[in-house]
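Just the heavy atoms: all of them, side chains too, but no hydrogens, waters or symmetry mates, feed the values below. Proteins get letters first, then strands, A, B, ... in listed order; numbering begins at 1 in each.
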Protein chains: 2
Amino acid sequence: MSEIKQTSTNYSNKLALSDECSEAYASNIIGGQWTLVICSWLLSGKLRFGELKKKLPGITERMLTLQLRKLEEHKIISRTVYAEVPPRVEYELTEIGYALKSVITELEVWGTSHKKLIGE
Amino acid sequence: MSEIKQTSTNYSNKLALSDECSEAYASNIIGGQWTLVICSWLLSGKLRFGELKKKLPGITERMLTLQLRKLEEHKIISRTVYAEVPPRVEYELTEIGYALKSVITELEVWGTSHKKLIGE
DNA sequence: TTAGGTACTATAAATAATGTAAGTAATGAG
DNA sequence: CTCATTACTTACATTATTTATAGTACCTAA
């Protein structure tokens with residue numbers, strides 16, 4: 001995940017696009033496999049690592065960790081560790097993270113109508 | 001591109017998510033590297049292959065072809081071939097393709113404010 | 001006859017993303 | 001002392017996506 005090669009054409013293409021187009025920029029950030037689903041769960045409140053895991057059937061702990069780290073890095077979620085044993089860690093959307101709500105809504109709307117169209 | 005392994009865990013995860021969440025479904029469709037940018041160019045009118053190529057600095061012809069094929073497959077764009085020499089092919093958004101406008105707009109809005117936030 | 005434009009295709013290679021499986025630390029319960 | 005719990009980490013394997021490079025067909029104009 002964080003092993004992106006900064007000399008690759010792919011990397012510079014992404015940079016260039018992100019630079020010009022805010023929508024490509026956004027898509028690079030939230031485009032991961034599980035990113036949006038995690039956010040949409042968090043829209044309804046903070047969740048612990050284990051809770052998220054249960055809500056995302058099929059995700060591996062590694063993947064969940066990676067995605068959460070990436071989201072945190074992009075300031076979309078915040079992470080709170082409670083010094084307990086066994087550990088407790090809570091994830092919560094930040095303000096800009098919460099602002100994804102309208103993006104998610106639009107995607108849902110579009111996705112739903114696209115599904116319907118294709119299904120016919 | 002179309003060499004997706006239907007036995008992979010990744011494939012079934014994507015299917016499952018797409019099934020449950022329209023936003024993940026949508027993201028799978030428009031989440032490619034160049035997809036949104038192509039669509040956003042097409043929002044302002046039909047374009048030829050070569051014109052798109054010029055507007056997307058860095059894209060290879062193969063990538064452009066692949067993305068256009070994928071978009072066509074998903075009924076987001078339509079392709080019109082004119083029987084001329086040299087050939088002329090025009091790409092245009094379909095109705096559902098045009099409906100991506102609000103998604104793109106929201107992404108732009110979010111992307112812009114995220115950029116601003118991070119830049120501080 | 002040759003060059004040139006247009007929209008591709010073929011093949012291979014590189015890079016990125018995701019998955020598998022196992023292990024870790026801390027501590028309180030038994 | 002041993003086990004269970006929770007939220008990870010690590011090393012490695014597999015799959016997916018993107019890039020590189022070269023070619024193709026067609027007619028037209030020179």
Side-chain angles (χ1 to χ4, degrees), chain A residues 1-17 24 27-35 37-38 46-72 77 79-91, chain B residues 1-17 24 27-35 37-38 46-72 77 79-91:
Chain A
M1 199 126 182
S2 44
E3 320 92 16
I4 18 143
K5 243 188 189 172
Q6 309 204 344
T7 53
S8 71
T9 308
N10 183 260
Y11 180 75
S12 46
N13 276 340
K14 268 188 183 143
L15 270 197
L17 274 184
S27 166
N28 276 338
I29 292 183
I30 61 168
Q33 169 91 68
W34 306 89
T35 317
V37 191
I38 293 174
K46 55 174 69 165
L47 288 171
R48 300 180 55 178
F49 185 88
E51 290 171 325
L52 275 170
K53 202 176 112 183
K54 270 179 215 140
K55 290 182 182 302
L56 304 170
I59 200 171
T60 60
E61 299 195 334
R62 170 180 146 81
M63 255 301 124
L64 184 50
T65 305
L66 285 176
Q67 303 276 334
L68 289 170
R69 289 281 180 284
K70 187 180 156 193
L71 286 170
E72 202 192 344
I77 61 176
R79 178 171 177 266
T80 315
V81 186
Y82 295 88
E84 302 172 0
V85 168
R88 181 161 62 101
V89 181
E90 285 182 344
Y91 294 96
Chain B
M1 199 126 182
S2 44
E3 321 91 17
I4 18 142
K5 241 189 192 171
Q6 310 204 341
T7 53
S8 71
T9 308
N10 182 263
Y11 180 74
S12 46
N13 276 340
K14 268 188 183 148
L15 269 196
L17 274 184
S27 165
N28 276 338
I29 293 182
I30 61 167
Q33 167 91 70
W34 306 89
T35 315
V37 191
I38 292 175
K46 54 174 69 167
L47 287 172
R48 301 179 56 175
F49 185 89
E51 290 172 325
L52 276 169
K53 203 176 112 184
K54 267 179 217 143
K55 289 181 183 304
L56 304 170
I59 201 172
T60 60
E61 301 196 333
R62 172 176 148 83
M63 251 301 120
L64 183 51
T65 304
L66 284 176
Q67 303 277 335
L68 289 171
R69 289 283 180 281
K70 186 180 158 195
L71 286 171
E72 202 192 342
I77 60 174
R79 178 170 178 267
T80 314
V81 185
Y82 295 89
E84 303 172 356
V85 168
R88 179 161 63 102
V89 180
E90 285 183 345
Y91 294 95

Distance, rounded to the nearest Å, where A:N28 contributes CG and C:dA16 contributes C1': 12 Å

Integer-rounded Å distance: D:dA7 P and A:L66 CG: 17 Å

Residue A:V85, side-chain heavy atoms: nucleotide from C:dT27, C:dT15, D:dA16 that is nearest: C:dT27

Intermediate values then yes/no, side chain to side chain donor-acceptor pair (under 3.5 Å), B:T80 and B:E90: CA-CA 5 Å; B:T80 314; B:E90 285 183 345; 5.7 Å; no

Please list, pair by pair, any protein nitrogen or oxygen found under 3.5 Å from a nitrogen or oxygen in nucleotides 20-23 of chain D.
unit_1, atom_1, unit_2, atom_2, d
D:dA20, OP1, A:T9, OG1, 2.5

Non-hydrogen atoms of B:Y91 and B:R79 that approach each other most closely: OH-NE, 3.3 Å

C:dT18 phosphate, OP1 or OP2, under 4.0 Å from A:Q67 side-chain N/O: yes

Presence of A:N10 side-chain N/O under 4.0 Å of C:dT15 phosphate oxygens OP1/OP2: no

Rounded distance (Å) that lies between atom P of D:dA7 and atom CZ of A:R69: 12 Å

Phosphate-side-chain proximity, B:T65 and C:dA7, N/O vs OP1/OP2 below 4.0 Å: no

Validation row: B:Q33, A:N10 side chains within 4.5 angstrom (heavy atoms): yes

Sugar-phosphate, base or nothing in reach of A:Y91, heavy atoms under 4.0 Å: sugar-phosphate

Euclidean distance, atom CZ of residue B:F49 to atom P of C:dA7 [Å, nearest integer]: 7 Å

Most 5' of B:Q33 and A:V89 on DNA chain D, judged by nearest nucleotide: A:V89

5' precedence on DNA chain C between B:R88 and A:P86 (nearest-nucleotide basis): B:R88

Whole-Å distance separating the CG atom of B:L15 from the P atom of D:dA16: 11 Å

A:N13 versus B:P57, closest heavy-atom pair with distance: OD1-O, 4.2 Å

Any A:K14 side-chain N or O less than 4.0 Å from OP1/OP2 of C:dA17: yes

Nearest-Å distance for atom pair CZ/C1', residues B:R79 and C:dT6: 12 Å

5'-most by nearest nucleotide on DNA chain D - B:Q6 or A:Y11: B:Q6

side-chain N/O B:K70 vs D:dT18 OP1/OP2, d < 4.0 Å: no

Minimum-distance pair of heavy atoms, taken over all atoms of A:S27 and B:G31: OG-O, 4.5 Å

Chi angles and distances behind the side chain to side chain contact (heavy atoms under 4.5 Å, CB included) call for A:T35, A:I29: CA-CA 9 Å; A:T35 317; A:I29 292 183; over 6 Å; no

Protein-nucleotide distance (A:I77, atom CD1; D:dA7, atom C1'), rounded to Å: 14 Å

Among C:dG5, C:dA17, D:dA16, the one nearest A:I4 by side-chain distance: C:dA17

Residue A:M63, side-chain heavy atoms: nucleotide from C:dG19, D:dT6, D:dT15 that is nearest: C:dG19

Residue pair A:R88 / A:E84: nearest heavy atoms and the distance that separates them: NH2-OE2, 3.0 Å

Any A:R48 side-chain nitrogen or oxygen under 4.0 Å from OP1 or OP2 of D:dA7: yes

Euclidean distance, B:Q67 CD relative to B:L52 CG, rounded to 0.5 Å: 11.5 Å

Value in whole Å for how far the P atom of D:dT18 lies from CG of B:L56: 13 Å

